Amino acid sequence: MQLSFPIAPFQARGPLSSQLLTALSLPADGSGSSLGGFIVATAEALAQCQDIVNDDDLQLTLFLLYGLHYGDVVQSDAAWEWHPTTIVARVAIEQALESTLRSTVPQPALPAPSQDAVARALFSLTIDDQGPSLSRYLARKATAEQAVEFIVHRSIYTLKEADPHSWAIPRLTGRAKAALIEIQTDEYGGGHAERMHSSLFADTMRGLGLDTRFGGYVDQVPALVLASFNMMSLFGLNRRLRGAIVGHLAAFEMTSAIPSRLYGDGFRRLGFSEAITRYFDEHIEADAVHEQIAARDLAGALAEDDSLTLPDIMFGAAACLAMDGWVAEALLASWQSGRSSLRVPLPESAARPLAGTAVAS
Amino acid sequence: MTPAASHPPVTITACPDGPLLVRGDVEITAPGGPIPHTRRTVALCRCGVSMIKPFCDGTHKLVGFTTAPTDPAGSGS
């Protein structure tokens, strides 16, 4: 068979992702024969899976399936996006992921469905979070190599920063929609492409000698990092989970301003220039604004106007904290035992840590 | 000095236990001159511990800053 599209710049992690990657390099003809048996194989993989957030094959497969909606993950026939087989498989994997999250993440107590009570509950949930602190480690201890690894992990979400939550815009109405747009407008640089937060992050990566193409480091990141992005896509792409994506964004913003200062401090301690830290410096001020809007005008207003979403607002916030905690735990465990946190090393050409050579003059 | 109808009024939202959220077309000045800002909504520190004053950096959450009266019986004012 003749390949129609370039092979993906990363490797399969098992039979499902292998079959899908091969199929995506071929035309999505009506019969979808290159995905023959894929739905059954997905069901079997799910039946055998013990720990879905750490399952490499399932998380990469789900990442690829969501990637058909975002674009830029692999080049493929655009018709795969709505091919019935890719949709059926995606729904099966995302239902299993959601079910695991609901049984694993502790559901916070529900506040009254009022703007003030919901905002207070979200602030207290995020400030009481006792998860391991990646930001304190970066600020005080991380080596330059570890700081680069941190950026590689973050690139899976941050080169698409804000996009998973933007799926929620047409799924909300009224005050909550307006609040989300106020936040997202800022995320997207107020209409200036070079100020989009994803562009600022790409500047940081470029300054570190890293590849800024989306998905350029898929091979390097563990399943859990893909799961963290997949969870946002799950919440954003399902209208019934609009409470969860709103709660996720609120918790994400509430745990960003102070850590951003610490991340910036870490890169400065290692001798990196202002060009590298600009992304984090920007987020101190931006997310101190966003967390207020997200807590009150977005989550609080949604709970008042659409009170059935309240349990999922709190679930989405708790899931954000839990997932960030699991990722932080995995990275810190690697570093504290003297290992790299990457699945495979960075290519030789990329990311020689530039500390000391990029000091601001 | 009637604002044009197309310019909505500037609003300042006092966030409970948090900053002042300022929306609208404002110039922020300091003794040294105007303080540049690019975003349309800014959060101004009112707890006093921000490291990027006059803007909020979220640190109020770490110092127990509260805008509620701490002792209503004894506040007197």
Side-chain angles (χ1 to χ4, degrees), chain A residues 114-129 133 135-136 178-179 181-192 194-197 200 253-262 264-265 278 280-297 300, chain B residues 3-72:
Chain A
S114 76
Q115 211 174 8
D116 193 56
V118 170
R120 285 182 190 280
L122 288 168
F123 274 117
S124 84
L125 182 71
T126 52
I127 204 75
D128 291 344
D129 180 41
S133 175
S135 56
R136 278 197 297 275
I181 288 174
E182 187 177 21
I183 295 169
Q184 299 301 79
T185 301
D186 203 38
E187 295 285 348
Y188 293 123
H192 298 273
E194 74 285 359
R195 290 216 305 264
M196 295 196 336
H197 288 178
L200 297 180
E253 298 288 357
M254 288 173 176
T255 51
S256 176
I258 294 169
S260 288
R261 190 180 77 225
L262 295 171
D265 287 347
R278 187 176 302 129
F280 296 106
D281 298 339
E282 161 71 11
H283 278 74
I284 301 171
E285 185 188 323
D287 292 344
V289 175
H290 297 174
E291 68 179 5
Q292 298 296 337
I293 300 171
R296 305 186 59 75
D297 303 321
Chain B
S6 61
H7 283 272
V10 171
T11 65
I12 300 178
T13 305
C15 300
D17 304 341
L20 299 172
L21 215 54
V22 182
R23 291 182 172 93
D25 188 13
V26 297
E27 184 175 75
I28 302 171
T29 60
I35 297 172
H37 63 100
T38 52
R39 60 178 35 81
R40 298 204 305 213
T41 302
V42 296
L44 298 180
C45 174
R46 64 170 167 159
C47 74
V49 296
S50 171
M51 291 168 71
I52 56 166
K53 288 195 277 287
F55 303 111
C56 169
D57 68 357
T59 314
H60 57 268
K61 295 186 289 184
L62 301 183
V63 298
F65 173 67
T66 174
T67 52
T70 49
D71 180 9

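As the structure is a prediction and not an experimental result, all values here were calculated from the model. Numbers restart at 1 for each chain; the letters A, B, ... are given by sequence-line order, proteins then strands.
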Q: Between the side chain of B:Arg46 and the main-chain N/O of B:Gly18, is any donor-acceptor distance below 3.5 Å?
A: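 At least one qualifying donor-acceptor pair exists.
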
Q: Under a 3.5 Å distance rule, please check whether B:Lys61 uses its side chain to pair with a backbone N or O of A:Thr126 as donor and acceptor.
A: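 No; judged by distance alone, with no hydrogens or angles, the pair does not exist.
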
Q: Taking only residues two or more places apart in sequence or in another chain, which ones pass ring pair (Phe, Tyr, Trp, His ring centres under 6.0 Å) with A:His283?
A: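 A:His283: ring pair (Phe, Tyr, Trp, His ring centres under 6.0 Å) contacts with A:His197, A:Tyr279.
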
Q: Please round to the nearest 0.5 Å and tell me the distance separating atom CE of B:Met51 and atom NZ of B:Lys53.
A: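 NZ of B:Lys53 is found 9.0 Å from CE of B:Met51.
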
Q: For the side chain of B:Ser50 and the backbone of B:Ile52, is there at least one donor-acceptor N/O pair under 3.5 Å apart?
A: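 Yes; at least one donor-acceptor contact below 3.5 Å.
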
Q: Side chain to side chain donor-acceptor pair (under 3.5 Å): which pairs involve residues 31-41 of chain B, sequence neighbours left out?
A: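 Of all non-adjacent pairs touching residues 31-41 of chain B, those that pass side chain to side chain donor-acceptor pair (under 3.5 Å) are A:Glu182-B:Thr41, A:Asp186-B:Arg39, A:Glu282-B:Arg39, A:Glu285-B:Arg39.
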
Q: With a 4.5 angstrom heavy-atom cut-off, which part of A:Ala119 approaches chain B: side chain, backbone, both or neither?
A: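 Interface part for A:Ala119: neither.
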
Q: A:Ile127, A:Ile284, A:Ile258: which one forms the most heavy-atom pairs within less than 4.5 Å of chain B?
A: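 Option with the top pair count is A:Ile258.
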
Q: Heavy atoms under 4.5 Å from chain A: which residues of residues 22-33 of chain B carry them?
A: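 Result: B:Arg23.
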
Q: With a 4.5 angstrom heavy-atom cut-off, is it the side chain or the backbone of A:Asp116 that approaches chain B, or both, or neither?
A: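 Contact with chain B: side chain only.
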
Q: Using the test ring pair (Phe, Tyr, Trp, His ring centres under 6.0 Å), find all partners of B:His60 that sit at least two apart in sequence or belong to another chain.
A: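 Ring pair (Phe, Tyr, Trp, His ring centres under 6.0 Å) list for B:His60, sorted by chain: empty.
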
